[in-house]
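Heads up: the structure comes next, in structure tokens.
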Amino acid sequence: MSAQDGSVMEGPGPGEESLGVTNGKIGMWTFLVMDAMTFAGILAGYARLRWTPDSMWPFPIDAFGVIGIQLTALNTFILICSSVAMVHVLAEQMRGNMDRAEKWLMATIGGGLIFLGIQAFEWTHLIIDKFHLLMDAGYNQNFPATFYLLTGFHGMHVAVGVIYNTIILMAIRRGRVTKDHTSTVEIAGLYWHFVDLIWILVFTFVYLI
Amino acid sequence: MTEIKAKGYLSPLTEEAKTNKWLYLKEWLCTTDAKRIGVLYLAFSAVMGLFGGILSILIRIELAHHGPVLFADPSLYNALPGFHATAMIFFFIIPAFTGAGNFVVPIQIGAPDMAFPRLNLAAFWILPPAALVTFFGFFINSLPEFGWTGYPPLSNNVYSGMLGADFWVLGLVLVGVSSTMAAVNFLATIFNMRCKGMKLFQLPLFTWSIIVTSFLILAATPVLTSALLMLTFERMFPGVFHFFNPAGGGDPVLYQHLFWFYSHPAVYIMILPGFGIISSVVQTFSRKHIFGYVLMAWSMMAIAVLGFVVWAHHMYTTGIALEVRVGFMFLTMLIAVPTGIKIFSWMATMWGGSLKFDTPMLFAIGFIAMFTLGGLSGVVLASVSVDIQLHDTYYVVAHIHYVLVAGSMLTLFAGLYYWYPKVSGKMYNEFWGRVHFWLTAIFLNVTFFLQHWMGVAGMPRRYYDYDPQFEWANMISSGGAVVLFLAQLIFVANLVWSWKYGEDAEDNHWYGDGIHLEWMVPSPPDHHNFPEPPEWKPIIRQHVSADQPGGLWHRQQ
Amino acid sequence: MKHLLRNISGMTGEDATGRRGGLQKLFAGVGFLLIVLITLSLPSMAWAIPGSGEFMALHSEGGREITELYNVIAKICLVIVIIVEGILLISIILFRRRSDDELPVQNHGDLRLEFGWTFAALLIQVWIGVATIDVMWSTETPPEDGIDMVVTVEASQWDWDFHYDFPDDPDRDSLTHPDLVVPAHHNVKLEVTSRDVLHAIFIPDLGVKIDAVPGRFNHWWFRADGPIAQVRPGDSATIERRDMLWPQTRSPAIRSGRDAAARPVSGLEQRVDFLSTAREVEEVSPYAGYNAVEYQGNCAELCGRDHWDMYFRAVVMTPSSFERWVDDQLELVEEPVGEAIYERRCSTCHGDDGTGDDINPTLVGADRVINPDRIDDHIDIVLQGEGGMQAFGGILNDAEVAAVVNHERTSWGNDGGLIDEDDVAEVRDALGLPASPAMAVEPTPTDDLLATGERIYRSCASCHGADGRGPDYVPDLTGSELVVAEDVDELARVLIEGRDSDQWPGRKSPVARSMTDIQLASLLTYIRQSFDNDAAEVQPLTVQEIREELN
């Protein structure tokens with residue numbers, strides 16, 4: 001998150017010998033490497049807990065129900081759409097069409113908010129109606145635990161992304177980010193696409209396999 | 001009010017600050033100048049290093065005699081080794097190298113500052129609160145006694161319900177955030193802000209070591225963070241989270257996997273910058289190019305990559321399958337190869353050189369001599385069967401201290417003495433520097449040397465009291481530790497005294513032999529390092545004999 | 001001396017530029033060499049000491065293999081140390097800066113040299129690795145001649161429990177003891193687990209170390225034979241020690257009094273004298289009467305406050321002594337068992353002093369208890385119960401019944417004469433009760449089964465309904481023949497394996513596949529006794545049998 005601040009504010013520029021991109025972009029990429037490793041750590045823990053003999057791990061389809069998985073699939077689709085919208089933001093900005101960029105960015109933020117909303121609904125449903133039944137039936141207690149951790153941690157990232165994008169939206173409205181500041185939007189986009197990518201992994205591991 | 005007369009980056013930025021000490025102090029604490037932040041890092045780590053040192057003295061006094069000596073309560077004793085390790089690793093060595101990197105790296109690559117100056121300051125300012133949080137148990141008398149590894153189930157809320165443990169975990173997460181921020185900053189700076197002519201394989205080896213270290217931090221620290229997150233959740237909501245609790249379908253060994261996936265690379269995070277410093281020092285005081293530069297850079301990368309695939313060698317006794325352990329053993333042993341390359345390359349650099357034994361060089365040689373021991377006891381420990389017997393004995397304690405004290409700490413001293421004229425613009429007292437070296441080198445061995453024997457004879461570590469047959473060895477070790485600690489006070493006093501009263505240092509202080517950019521700028525450097533962007537002329541990579549014209553160091557024209 | 005100091009610290013000063021006298025130079029040189037030798041010998045001692053056979057694990061076959069491996073690796077390392085320190089010292093001496101404007105010849109590396117030491121290092125490492133693999137396999141895989149004895153080790157904060165089972169000897173009960181006692185020259189396998197946090201069993205002399213992890217068993221095996229190697233298998237006499245078996249790496253000239261071979265250990269007489277505060281150290285070792293050697297065992301994994309205090313004795317005995325020790329222990333535990341069982345099973349009603357209360361009769365002076373002719377009645381009531389008293393026949397085995405009966409007949413001033421377990425067996429036979437269970441398994445109370453079953457059933461209720469009557473397409477559980485059948489096998493099989501059906505959702509899912517025995521037993525009991533059903537309860541043991549049949 002801090003890396004994003006760095007990208008927005010003006011620091012020293014690249015030197016003569018550089019990778020040919022802005023400092024902020026490298027900062028974001030390295031930050032994402034770090035973030036990916038955090039998820040890798042949690043996913044590795046998940047895999048270890050789940051794929052051990054006699055782990056008594058419920059089948060996702062039993063645990064969430066067909067409808068639950070379909071709902072989350074829809075949610076995944078919404079997040080991917082939101083990512084596509086983010087691509088359009090950058091494209092419109094590069095064409096100099098800031099009005100349309102702003103609308104696409106609002107769509108992006110909207111997608112993120114819908115995602116969070118559906119997820120909040122799903123959590124409530126699972127906590128109230130589902131998980132205690134599974135636990136009483138003697139399944140591995142870590143099924144809900146890892147579910148909360150993985151989806152919760154990812155949800156936190158989406159929330160941060162929504163705030164991040166909102167800040168950029170405000171900056172566009174106030175004219176701080178214009179068609180010349182493509183790298184600011186590009187960096188925000190990197191983060192947003194990353195969050196999307198991570199969700200596909202989480203969705204696959206938790207709901208599908 | 002006396003006017004503050006300081007040169008270079010030490011001089012106040014505004015007119016008001018010249019006469020107002022508080023403004024000057026505020027200028028320091030809120031600075032975005034990487035050099036000043038570097039000095040802040042070093043000062044902070046010195047304080048924490050002394051704190052960790054005091055803890056280690058308490059441990060050694062308790063162990064000096066068989067039977068209770070200092071603490072009637074084993075619980076209190078049990079907390080100390082964990083805090084000692086936490087203080088030394090997370091708040092002394094890692095920040096100290098970050099500080100050295102902050103000061104030196106931007107200058108070495110010809111950049112005016114770090115890529116994200118404010119992020120840099122934020123990364124530093126996370127540390128002091130993090131230290132307070134980590135060691136908060138001391139203030140509320142609730143000390144976690146699960147060591148620095150914090151293995152569950154011992155560290156879960158059932159067996160360590162104390163509040164201090166929660167603070168400790170939180171503090172470590174904060175340190176992780178701080179060092180990650182610093183790593184992001186270093187990578188962006190080094191990859192993107194090099195001056196004209198500074199190709200990647202022209203970089204000084206210290207800068208190379210910071211690149212590799214930053215990658216290690218970037219990839220390893222978050223895994224620790226995720227492990228600590230899981231641990232915290234398990235502590236906070238024991239009814240819901242059972243990641244490491246077999247009763248709820250969890251696995252205590254999972255934590256160890258995640259923990260060591262960070263903590264083994266952490267060893268290299270703590271030693272690689274030291275390798276870089278030694279490369280700089282040795283080539284300066286030998287008046288020679290570093291031997292096998294390219295291989296030196298690649299061997300650091302090899303160490304880093306291998307460092308990620310050997311974590312299970314800390315867990316040979318946890319019941320991992322035989323075949324898996326064999327794999328980890330061979331990977332572990334492979335690490336000795338690049339490390340050996342580095343040792344031999346330093347010696348080849350010295351061979352045929354013109355050696356001058358100032359304090360930095362003494363520390364560098366002391367490092368090579370004693371780190372070899374630490375490395376080779378690592379080879380002994382890599383062998384699975386032997387390691388199982390030596391696991392969690394004092395042999396391991398001796399090994400880590402030969403690696404971290406004779407390794408990281410000596411390199412740190414070498415670097416501090418080496419760059420002190422550049423940082424302060426003054427020269428430290430050479431005589432006391434040498435006294436410091438000899439006391440450190442001798443009593444380091446007195447302290448840790450016999451611990452090899454204790455381990456081989458079967459004394460387990462983290463013991464509040466032990467079998468009387470080990471008493472004589474422990475007594476010697478404790479005595480050595482006390483002198484070793486006192487010797488460090490000489491070091492601190494020397495540097496503090498010299499900051500004010502030392503002689504002025506020259507720009508290229510070490511006999512004019514410094515070849516990197518930091519020696520081409522004034523001592524101390526100006527606020528923005530270079531008046532105009534410098535251009536790096538690569539050093540000619542060919543045999544040059546002394547009688548050829550053009551001085552000692554030939555640069556491409 | 002001045003020169004010497006200068007040489008050490010590298011303070012070459014002005015002398016370096018000036019000419020020195022030959023003698024002075026010689027003196028400085030010799031002095032320097034001396035320092036060199038001393039500094040060299042200091043670190044090399046680290047390797048010289050362990051290289052002498054002082055490595056801890058010498059008293060078992062596997063331990064000695066590890067020791068030899070350690071000595072070989074240590075020697076290789078010692079050679080490398082000497083090479084490195086030697087080169088370092090030579091270059092310090094040879095290449096000191098003699099004048100300030102001295103300019104060394106430059107080079108940037110030498111590919112042949114660089115590749116040379118890379119491959120040399122690689123070769124050494126691979127060699128050590130291969131040597132280690134050999135030792136690993138021979139010390140860790142189960143021995144070819146089989147495991148003679150299995151000891152279960154249970155660690156807890158901060159104690160050890162060693163469980164011994166004697167499956168080959170039906171006369172012997174299992175045994176739990178705070179010390180590890182094993183026969184010499186027997187392959188002993190340790191199955192190690194923990195009740196709470198991580199521990200690690202560590203017996204330095206025997207080369208035993210493995211973590212105790214809660215929720216799983218780790219294994220280690222060893223064959224103890226030292227200081228020994230003088231106990232022949234199955235032989236209790238001590239014979240001369242064969243020094244050959246000790247790995248020796250130092251020549252006799254420099255052996256010290258601490259060397260293992262010179263250590264004054266005679267026969268089977270080594271005794272542990274330090275067990276810290278956790279254990280009372282008796283004047284005379286409790287194993288003094290046996291032909292035994294003792295080692296110190298401890299915990300190697302930080303486990304909380306008294307981690308340092310988890311000492312135990314690891315005792316290696318001659319096989320005949322071991323047999324005697326086991327018998328002694330079993331006799332020893334026989335006596336207190338009666339009292340312990342009484343306290344656990346009887347004292348809640350009959351009181352600690354046997355006097356009972358308003359409802360429960362007193363045992364003190366009761367006719368059934370003190371009359372030698374009514375011994376059988378006494379056994380009978382314990383086995384079958386009477387009135388409000390519970391039947392213990394299915395809970396206690398013959399020996400336990402005998403013990404508790406004896407306790408009652410000899411305590412509180414009673415003097416009713418003793419019985420033994422054969423008497424109990426006779427009474428059982430006469431009453432037509434099933435024979436005494438070898439390991440008394442207590443049946444799970446029906447209430448517990450029902451409570452657990454009800455919780456589990458909630459996840460069935462989504463289809464079968466809370467009252468057992470689901471929608472049309474779901475089988476009705478009320479009065480279903482399958483459910484209330486006398487024989488529960490078929491019902492359990494449906495739950496464990498699932499069953500095809502032509503109705504939605506098409507297939508009964510194998511819900512019980514991942515349930516534990518007790519969970520399935522609870523669920524079965526619940527559906528057999530709810531919704532107006534009235535069939536017999538199902539015990540976990542039954543489920544276990546059914547599962548075994550299915551497999």
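Only a predicted model underlies this, so the values are computations on that prediction, with no experimental measurement involved. So that the names make sense, note that chain A is the first sequence line, chain B the second, and so on, each numbered from 1.
- By the 4.5 Å heavy-atom criterion applied to side chains, C:Q296 and B:D467 are counted as neighbours.
- Chain B forms the most heavy-atom pairs under 4.5 Å with one residue out of C:I128, C:V213, C:D196, and that residue is C:D196.
- Taking 4.5 Å as the limit, every side-chain heavy atom of C:R305 sits out of range of all side-chain heavy atoms of B:Y464.
- With contacts defined as side-chain heavy-atom distances shorter than 4.5 Å, the pair B:L154/C:L198 does not qualify.
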Residues C:E301, B:R462; criterion side chain to side chain contact (heavy atoms under 4.5 Å, CB included); working and verdict: CA-CA 9 Å; C:E301 184 66 65; B:R462 293 159 167 167; 4.3 Å; yes
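- Among pairs with a residue in residues 373-393 of chain B, those fulfilling salt bridge (Lys or Arg N to Asp or Glu O under 4.0 Å) read B:D392-B:R461, at least two apart in sequence or across chains.
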Before giving the answer on ring-ring contact (aromatic ring centres under 6.0 Å, His included), spell out for C:W308 and B:Y463 the whole-Å C-alpha distance, their side-chain angles and the decisive distance to 0.1 Å. CA-CA 5 Å; C:W308 60 284; B:Y463 263 32; 7.6 Å; no
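- Residue with the most contacts toward chain B among C:A212, C:A120, C:G129: C:G129 (heavy-atom pairs, distance under 4.5 Å).
- Side-chain atoms of C:Q125 never come within 3.5 Å of backbone atoms of B:L334 as a donor-acceptor pair (strictly under, hydrogens ignored).
- For B:T318, the side-chain contact (heavy atoms from CB on, under 4.5 Å) criterion is met by B:V253, B:Q256, B:M315, B:I320, C:D211, not counting sequence neighbours.
- Between the side chain of B:K356 and the main chain of C:R97, no donor-acceptor pair closer than 3.5 Å is present.
- With chain B as the partner, the residue from C:A131, C:G62, C:C299 showing the most heavy-atom pairs under 4.5 Å is C:C299.
- Between chain C and the residues B:S75, B:A382, B:P74, the largest count of heavy-atom pairs under 4.5 Å involves B:P74.
- Under the 4.5 Å side-chain criterion, counting only non-hydrogen atoms from C-beta, B:M329 is in contact with C:I133.
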